[in-house]
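Order of appearance sets the numbers: ligands from 1, and atoms from 1 within every ligand. For the numbers below, each heavy atom of this structure counts, side chains included, while hydrogens, waters and symmetry mates do not. Predicted, not measured: the structure shown is a model, and the values here were computed from it.
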Amino acid sequence: MKTGRKKIVISEFMDAPAVESLRRHFDVHAHASLVDEPERLSSLLADADALIVRNRTQVTAALLADAPRLSVVGRLGVGLDNIALGACSERGVQVFPATGANAAAVAEYVIATSLMLLRGAYLSSAAVAQGQWPRTALSNGREAAGGTMAVIGFGGIGRLVARLARGIGMQVVGFDPQIPADAACWQETGTRGMSFDDALRAADVVTVHVPLVESTRNLLGPAQLQRLKPHAIVINTSRGGVIDERALAEALTQGRLGGAALDVFADEPLKAGSPLAGAPNLILTPHIAGLTVQSNERVSTLVASRVTNALLAGEHDSTTTKEH
Ligand code: NAD
């Protein structure tokens, strides 16, 4: 039923208090399952003013065509590779990501998995409880302190990772072609900016924080993996497609790499039978690096407020236009 209020459709999970805050001003249709119900989604979008998504809803030109009134897309996260930005801008649809709101969660994931994989000693509970004592096997772990973290992509998350890595005594080097060598962020975070290849060669841990765009696809392929030290750890929380999964699995299996943590995959969910299955020293997580109780709250609150401001400003604009 049309209420005269602007309509918001939320197609994936959003923190309840933030949804309630939207209901104060708008007619809100929030169903976490909508992402898997394309027909219901497109019918709800027929008269919607705003759509709020996570990373699974594909905001394509076709979906926009089903939503002629849409003026705002809220993204409960940071990466925008599931949103056709060109089509949105042609239509005048504004896109609001939750910039910065899940950076702490991702950065802590990077530090935690770095420490786990460098040391290699934290998964012995079952063996120790059963009376085994794998002390010799587990006594060759590495300390992070004194080692080098290479941060590839030095935006919001990369910079926070650099600060945390410095906090545990690591040297930090970074590569980002869009940040000039004299930019303040290098010095402020105690990071030495360098070329991609030099950063790879220097690294005990490489962590990738770039958007998925054509120029970053397979950024870490077989040739780049070969430049790494044989004990180096690779961490990818950015997007699948940035690392060649087959080449990574081969490097791990052949002992040319110390370990890897992957939170994101070229195809999500990862299909059974992936070359990654069974590779050693590999931590796989289901795209949760940015998800914590606190980050969910921050992300949802930020997107709710950005979408509210944009829709209310739009109401003000159209009132103003009518008045004059
Ligand atoms: P950001 O836009 O602040 O930073 C990205 C940086 O990458 C920019 O500084 C850009 O100049 C740099 N870059 C672009 N192309 C590059 C290249 N070829 N080589 C090196 N650097 C390059 O983004 P952010 O907030 O730091 O997030 C980074 C990515 O992390 C996002 O695009 C998103 O896909 C991903 N992410 C994942 C999760 C998760 O839960 N796994 C959560 C948040 C963000």
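In terms of polar-atom proximity, Leu212 is not counted as a contact of ligand 1, lacking any N or O under 3.5 Å from an N or O of the ligand. The shortest N or O to N or O distance between Asp176 and ligand 1 is under 3.5 Å.
Residue contacts with ligand 1 include Ser238, since one of its heavy atoms falls under 4.0 Å from the ligand.
Only side-chain heavy atoms of Asn102 come within less than 4.0 Å of ligand 1; its backbone N, CA, C and O stay farther off. In Phe175, the parts holding a heavy atom less than 4.0 Å from any atom of ligand 1 are both the side chain and the backbone. Contact annotation for Ile157 and ligand 1: heavy atoms of both the backbone and the side chain come within less than 4.0 Å of the ligand.
Side-chain polar atoms of Thr285 and Asp263 form a donor-acceptor pair below 3.5 angstrom.
Proximity of a side-chain donor or acceptor of Arg256 to a complementary backbone N or O of Gln226 within less than 3.5 Å is not detected. In terms of modelled atom types and a separation under 3.5 Å, the side chain of Arg5 and the main chain of Arg23 share a donor-acceptor contact. Using a distance-only test at 3.5 Å, with no hydrogens or angles considered, a donor-acceptor pair links the side chain of Asn82 to the main chain of Thr57.
For ligand 1 and Thr237, the ligand atoms under 4.0 Å from any heavy atom of the residue are 35 (C), 36 (N), 37 (C), 38 (C), 39 (C), 41 (N). Taking every non-hydrogen atom of Pro211 and a distance limit under 4.0 Å, the qualifying atoms of ligand 1 come out as 5 (C), 7 (O), 14 (C), 32 (O). The contact set between ligand 1 and His209, taken as ligand atoms under 4.0 Å from a residue heavy atom, comprises 5 (C), 6 (C), 7 (O), 28 (C). Atoms of ligand 1 found under 4.0 Å from any heavy atom of Thr216, numbered from 1 in the order shown, are 15 (N), 16 (C), 17 (C), 18 (N).
Sorted by first and then second residue, the pairs that involve residues 98-154 and meet ring pair (Phe, Tyr, Trp, His ring centres under 6.0 Å), not counting sequence neighbours, are Phe154-Trp186.
Taking all heavy atoms of Gly290, Ala289, Gly79, Ser215 into account, the minimum distance to atom 33 (C) of ligand 1 is reached by Gly79.
Evaluation of the side-chain contact (heavy atoms from CB on, under 4.5 Å) rule for Leu85 yields Leu80, Ile83, Val95 as partners, not counting sequence neighbours.
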